[in-house]
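These notes concern the structure reproduced below.
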Amino acid sequence: MNRTLVRLSLQAVLGHRRGLVIVLVPAALLVLSVVVRLLTDLQVGVDAAVGLGFSLALPLVALLASSAVLGPEVDDGSIVYLLSKPVSRHVISLSKFAAAWGVTMVLGALPLGLVGLVLDPGEGRRALALAAGGAVAGTAYAALFLGLAALTRNAVVIGLLFALFWEGVLGFVLVGIRWLSIAAWGREVTATISPRLPDGDVGTTYALVAATVLTVASVWFAGDRLRSFTLRGDE
């Protein structure tokens, strides 16, 4: 991992308007949790937090972070200057992932834990479960979207469609999708720590193994994909 690349990637995420948008996502989730707590009962609030947090807020943060650390460099052609340096493509990929992962943890997974505290300040275990599940799902989301950013310039659009339809609509309608749903893997981890939370019905071991495999494969793919760029910026 290259610390300079990590620092520059973090600046790319948080130094522009995109950083403001990323911050607004967890802020909106926290505001929603306050409203839900005031207007509905606890269980409804928890279900809403888990559903929206894992299938919408968390993937949005990961998508914006992962696309920001790599997408703009590919779009404007400046990626060729980075690739001309004597740095392994996989080191570049890992450094980009580390930056996107850090942002996703702070602005994606951590707010899920805070939502748990807002809904019920006396349930620290529930908050810990939501943060842990968010960490597992957020890691997989960040890696997947990094690989997507390395694959296509339409990563944001495809990622949004993935979050809204696959993880959102279809994930709640078609039962079989849970085996390939990152949100379901995250919910499974939360339910393992706090059994009163809704689970993903896939088993904790499967959820952890699947998230790990997807993360490693996506980061490796991103690095391998970078090797296909020539110094003229062509793919």
Side-chain angles (χ1 to χ4, degrees), residues 1 9 13 22 25-26 29 49-71 90 93-113 128-152 155-156 158-168 170-172 176-193 197-225:
M1 188 183 303
S9 297
V13 177
I22 295 178
V25 174
L29 183 64
V50 173
L52 292 176
F54 281 96
S55 62
L56 185 59
L58 189 59
L60 279 179
V61 170
L63 174 61
L64 292 172
S66 296
S67 60
V69 299
L70 186 60
H90 290 290
S93 173
L94 184 60
S95 301
K96 297 288 187 179
F97 169 71
W101 178 84
V103 173
T104 303
M105 293 301 102
V106 174
L107 298 178
L110 181 59
L112 280 175
L128 175 62
L130 288 171
V136 171
T139 299
Y141 277 131
L144 175 64
F145 293 140
L146 180 69
L148 190 61
L151 177 64
T152 174
V156 173
I158 297 174
L160 284 174
L161 292 175
F162 171 81
L164 293 174
F165 289 99
W166 185 266
E167 296 287 2
L170 296 180
F172 288 100
I177 286 181
R178 68 180 184 272
W179 297 99
L180 299 176
S181 169
I182 297 174
W185 304 344
R187 292 197 303 271
E188 188 65 37
V189 174
T190 66
T192 300
I193 299 174
L197 289 171
D199 62 18
D201 197 24
V202 295
T204 307
T205 300
Y206 175 86
L208 293 174
V209 171
T212 300
V213 170
L214 178 60
T215 298
V216 173
S218 296
V219 175
W220 179 88
F221 172 80
D224 190 68
R225 178 67 178 171

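Keep in mind the model is a prediction, meaning the values are calculated, not measured. For reference, positions follow the sequence shown, starting with 1.
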Let me see the working for Asp224 and His90 under side-chain contact (heavy atoms from CB on, under 4.5 Å), right down to the final yes or no. CA-CA 7 Å; Asp224 190 68; His90 290 290; 4.2 Å; yes
Would you find a donor on one side and an acceptor on the other, under 3.5 Å apart, between the side chain of Ser218 and the backbone of Leu214? yes
CG of Leu29 to CG of Leu58: how many Å apart, nearest 0.5 Å? 9.5 Å
Give me the atom names and distance for the closest heavy-atom approach of Ser66 to Ala149. O-CB, 4.2 Å
List the steps and the verdict of side-chain contact (heavy atoms from CB on, under 4.5 Å) for Leu148 and Phe162. CA-CA 11 Å; Leu148 190 61; Phe162 171 81; over 6 Å; no
Residue pair Ile22 / Ala65: nearest heavy atoms and the distance that separates them: CD1-N, 3.9 Å
Looking at Ala150 and Ala222, what are the two nearest heavy atoms and their distance? CB-CA, 3.9 Å
Show the nearest heavy-atom pair for residues Ala135 and Ala109, with the distance to one decimal. N-CB, 3.5 Å
Test item: Phe97 and Thr139 side chains (from C-beta on) under 4.5 Å apart, heavy atoms: yes
To the nearest 0.5 Å, what is the distance between CG on Leu112 and CG on Leu128? 12.5 Å
Can you tell me how far CZ of Arg187 sits from OG1 of Thr192, rounded to the nearest 0.5 angstrom? 12.5 Å
Determine the minimum heavy-atom distance between Ala62 and Phe145, stating which atoms define it. C-CD1, 3.8 Å
Would you say CH2 of Trp220 has more than 12 non-hydrogen atoms from neighbouring residues, nucleotides or ligands within 6.0 angstrom? no
Sub-4.5 Å side-chain heavy-atom contact between Leu146 and Val69: yes
Just by modelled atom types, is the Lys96 backbone N or O under 3.5 Å from a matching donor or acceptor in the Trp101 side chain? no
Main chain of Leu180, side chain of Trp166: is a donor-acceptor contact present, judged purely on distance under 3.5 Å? yes
Gap separating the CZ atom of Phe165 from the CG atom of Leu160, nearest 0.5 angstrom: 10.5 Å
d(Tyr141 OH, Leu60 CG) to nearest 0.5 Å is 9.5 Å
Distance from Ile158 atom CD1 to Ser67 atom OG, nearest 0.5 Å? 12.0 Å
Locate the shortest heavy-atom distance separating Ala207 from Glu188; write the atom from each residue and the value. CB-CB, 4.0 Å
So which of Val202, Val209, Thr212 actually passes side-chain contact (heavy atoms from CB on, under 4.5 Å) with Trp185? Val202
